[in-house]
Each structure stands twice: as C-alpha cells, then as structure tokens.
Amino acid sequence: MRVRNALISFMVAATLSLPAMASPLVSYDATYKVLRKGKALGMGTRSLKQDGDTYILHNASDLSWLIFSDQREETATFTLGSDGQQVQASQYQYKRTGTGPDDKESESFEGNTVRSGGAGINVKGVVYDPLSYQQQLALDLAAGKKDVTYHIVKELKEKVYRFRVVGEERLSTPYGDLDTLRVERVRDNSSRETLFWLAPKLHYTLVRLWQSKDGVEQMELVLSDYKEAAAPTEAASPQ
C-alpha cells in the first residue's frame with residue numbers, strides 16, 4: 001500500500017511540475033497602413049488574443065479620403081478542435097460608421113444553426129464567419145495546403161470562398177523585409193481581384209492585402225508593426 005501511495009504521489013507531483021501546454025496559436029498585435037494608389041487613406045489594426053479556450057480575433061480600420069470617411073470594427077470569437085487545426089466559430093460582431101448609412105451585424109454559431117437578430121439558418125458541415133475563416137486559412141497554409149475552400153455565413157447567407165497559393169515573394173514593408181506566400185481569392189466571372197501576402201515567420205499573419213476592380217486599384221493594406229504577446233512564464237516545480 002505504501003508503495004502504491006508513493007507512486008501516486010510521485011505521478012501527481014510530476015504532472016504538476018510540467019509546464020502548461022502551449023497554445024497552437026500565438027497572440028499578437030499588428031498595425032497596417034492603408035493606401036490607395038500610393039496615397040495614405042488611414043490605418044488598420046489586427047489582434048489575436050486568448051482567453052482560456054477561446055480566441056478573439058479583432059480587426060479595425062479608420063479611413064478618410066476627401067469628404068469620405070469610413071470606420072469599421074469586427075470581432076470573431078472561436079475555439080479550436082482537439083487537434084488544434086480546426087477553427088470552430090462562436091460569435092461575430094461587425095460595425096461600420098462614417099459617410100453614408102451606418103451598418104452592423106451580429107452572428108452566433110450554435111451547432112448546425114447560425115443566428116442573427118432573432119432569425120437563423122441551418123447549415124451543414126463546417127462554416128465560418130467573415131473573419132474567423134482568415135485564421136483557418138493561416139492554419140491551412142501552415143499545414144502545407146495550397147488550394148482551400150471555405151463556407152462563410154454573412155447576413156444569414158452562406159457563401160463559398162476559395163483561395164489558392166500562387167507563389168512566393170519577398171516583400172519590403174515598413175515593418176521590414178519578409179518572405180511571404182502570395183494567395184489569391186479565386187472568383188468566377190468577376191472583375192474584382194484580391195491578393196493576400198502572408199508571412200510564415202509571423203505565423204502566417206497578413207502582411208499585405210491588395211484589391212482591384214475592373215483593373216483599377218481600390219485599396220492596399222501593408223504591415224507597419226507587429227508584436228507578439230510574451231510567452232507565459234513556467235511555474236516553478238513544487239518542492
């Protein structure tokens with residue numbers, strides 16, 4: 001009996017002395033310059049935080065051009081599946097103010113149902129909100145995937161987004177020189193073009209975004225600052 005109790009005590013002590021399992025995602029704060037044809041329009045920010053098992057991805061932008069102004073903010077909360085590779089959407093909030101009508105949206109993901117404003121739709125399989133799919137894209141690129149498709153629910157309508165890696169490119173940014181993957185959003189019969197550059201060194205965080213319509217540049221987003229959260233300090237082993 002004494003041997004058994006001693007063994008149990010040893011196993012408990014050993015378990016308590018182990019460091020907490022590292023999160024598969026890294027918390028960070030990023031700042032961007034927003035440009036149009038090389039001229040500054042404003043700034044944007046992006047952050048990823050962890051609260052227990054929940055992750056909070058937040059985007060914000062503040063733009064002005066002549067008499068036009070646009071302020072946007074969106075937040076997605078999500079968890080990860082047991083393998084740490086599958087984003088599971090939970091809540092999404094969006095708000096837009098500025099020139100023209102204000103706009104806002106709120107979604108909650110509950111099993112096979114997505115709800116917004118008292119209404120809801122049933123969905124099949126894995127679906128994402130308009131922000132959390134971007135974190136899934138980062139995870140999939142890190143896993144070596146080159147062509148991915150996501151089902152997005154926006155305003156209670158399900159849409160299909162497809163992305164494809166089209167090359168590698170070293171970019172010079174205000175933050176510094178970075179090796180990136182260039183990813184395009186694949187659209188059928190559309191004059192719009194959207195390209196993303198994501199940096200493996202920064203855990204596939206967005207480094208640059210470029211959009212055009214009918215061959216005319218609409219907006220460019222370029223990383224100007226990036227900071228990771230400090231790693232948690234390991235607790236001292238019990239004596």
Side-chain angles (χ1 to χ4, degrees), residues 23-32 34 42-51 53-63 70-81 84-98 102-110 113-117 120-121 123 125-142 145 148-163 183-187 192 194-199 202-211 218-219 221-223 226 229:
S23 166
L25 300 181
V26 175
S27 298
Y28 66 87
D29 290 284
T31 305
Y32 300 86
V34 184
M43 65 171 293
T45 60
R46 170 174 289 202
S47 66
L48 178 66
K49 308 296 181 186
Q50 185 177 6
D51 183 7
D53 294 333
T54 299
Y55 294 89
I56 305 166
L57 184 60
H58 179 263
N59 265 4
S61 62
D62 188 349
L63 312 180
D70 185 281
Q71 296 81 39
R72 302 187 185 206
E73 187 174 1
E74 57 181 344
T75 303
T77 60
F78 62 89
T79 57
L80 292 178
Q85 298 298 308
Q86 179 61 62
V87 169
Q88 298 173 335
S90 177
Q91 299 284 334
Y92 174 74
Q93 301 284 339
Y94 168 83
K95 180 175 66 175
R96 185 266 175 197
T97 58
D102 294 345
D103 189 21
K104 63 180 180 179
E105 181 182 3
S106 176
E107 293 181 340
S108 63
F109 292 72
E110 307 165 9
T113 303
V114 181
R115 302 186 185 279
S116 177
I121 61 170
V123 296
V126 178
V127 296
Y128 304 90
D129 59 68
L131 185 57
S132 65
Y133 82 87
Q134 297 176 26
Q135 187 62 62
Q136 186 64 57
L137 174 62
L139 288 169
D140 288 342
L141 292 177
K145 297 181 181 180
V148 292
T149 300
Y150 306 119
H151 289 253
I152 316 296
V153 176
K154 181 177 176 61
E155 297 176 343
L156 291 185
K157 295 180 180 178
E158 189 171 342
K159 301 180 180 181
V160 178
Y161 288 11
R162 180 185 170 197
F163 299 90
V183 179
E184 70 171 355
R185 179 175 170 190
V186 181
R187 290 185 172 96
R192 297 180 62 188
T194 304
L195 293 172
F196 303 83
W197 286 258
L198 301 105
L202 305 183
H203 311 284
Y204 295 87
T205 297
L206 179 68
V207 169
R208 183 186 178 207
L209 171 84
W210 184 84
Q211 292 182 323
Q218 300 295 302
M219 186 193 72
L221 194 74
V222 182
L223 182 69
Y226 174 89

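The distance from the CH2 atom of W210 to the CH2 atom of W197 is 7.5 Å, given to the nearest 0.5 Å. Summarising the geometry, atom CG belonging to N59 is positioned 8.0 Å from atom OG belonging to S47; distances are rounded to the nearest 0.5 Å. Rounded to the nearest 0.5 Å, atoms CZ (R72) and CZ (R96) are 6.0 Å apart.
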Contacts under 3.5 angstrom, residues 156-163 side chains, donor-acceptor by atom type, not counting sequence neighbours:
from: E158; atom 1: OE2; to: H151; atom 2: ND1; distance (Å): 2.9
from: R162; atom 1: NE; to: D147; atom 2: OD1; distance (Å): 3.0
from: R162; atom 1: NH2; to: D147; atom 2: OD2; distance (Å): 2.7

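Atom NZ of K154 sits in a crowded spot, with more than 12 heavy atoms from other residues, nucleotides or ligands closer than 6.0 Å. Enclosure of atom CG in D102 by more than 12 non-hydrogen atoms of other residues, nucleotides or ligands within 6.0 angstrom is indicated.
For Y94, the ring-ring contact (aromatic ring centres under 6.0 Å, His included) test picks out no residue, with sequence neighbours left out. T31 is linked by a side chain to side chain donor-acceptor pair (under 3.5 Å) to nothing, counting only residues two or more places apart in sequence or in another chain. For D140, the salt bridge (charged side-chain N to carboxylate O under 4.0 Å, His left out) criterion is met by K145, not counting sequence neighbours. Remark: A76 pairs with Y92, D129, L131, S132 by the side chain to side chain contact (heavy atoms under 4.5 Å, CB included) rule, at least two apart or across chains. Looking at residues two or more places apart in sequence or on another chain, you find a side chain to side chain contact (heavy atoms under 4.5 Å, CB included) between H203 and V26, Y226, E228.
In this structure, the side chains of L25 and Q135 come closer than 4.5 Å at one or more pairs of heavy atoms. With a 4.5 Å cut-off on side-chain heavy atoms, E74 and L57 do not count as touching.
With hydrogens and angles left out, the side-chain atoms of S116 and E107 include no donor and acceptor closer than 3.5 Å.
Between A199 and V207, the shortest heavy-atom contact is CB-CG2, 3.5 Å. Scanning all heavy atoms of the two residues, the minimum distance from R185 to F196 falls at CB-CE1, 4.4 Å.
Under a 3.5 Å cut-off, the side chain of E105 and the backbone N or O of E155 do form a donor-acceptor pair. Side-chain atoms of Y128 do not come within 3.5 Å of backbone N or O of V87 as any donor-acceptor pair.
With T194 as the partner, the side chain to side chain donor-acceptor pair (under 3.5 Å) test is satisfied by one option alone out of Q218, R187, E184: R187.
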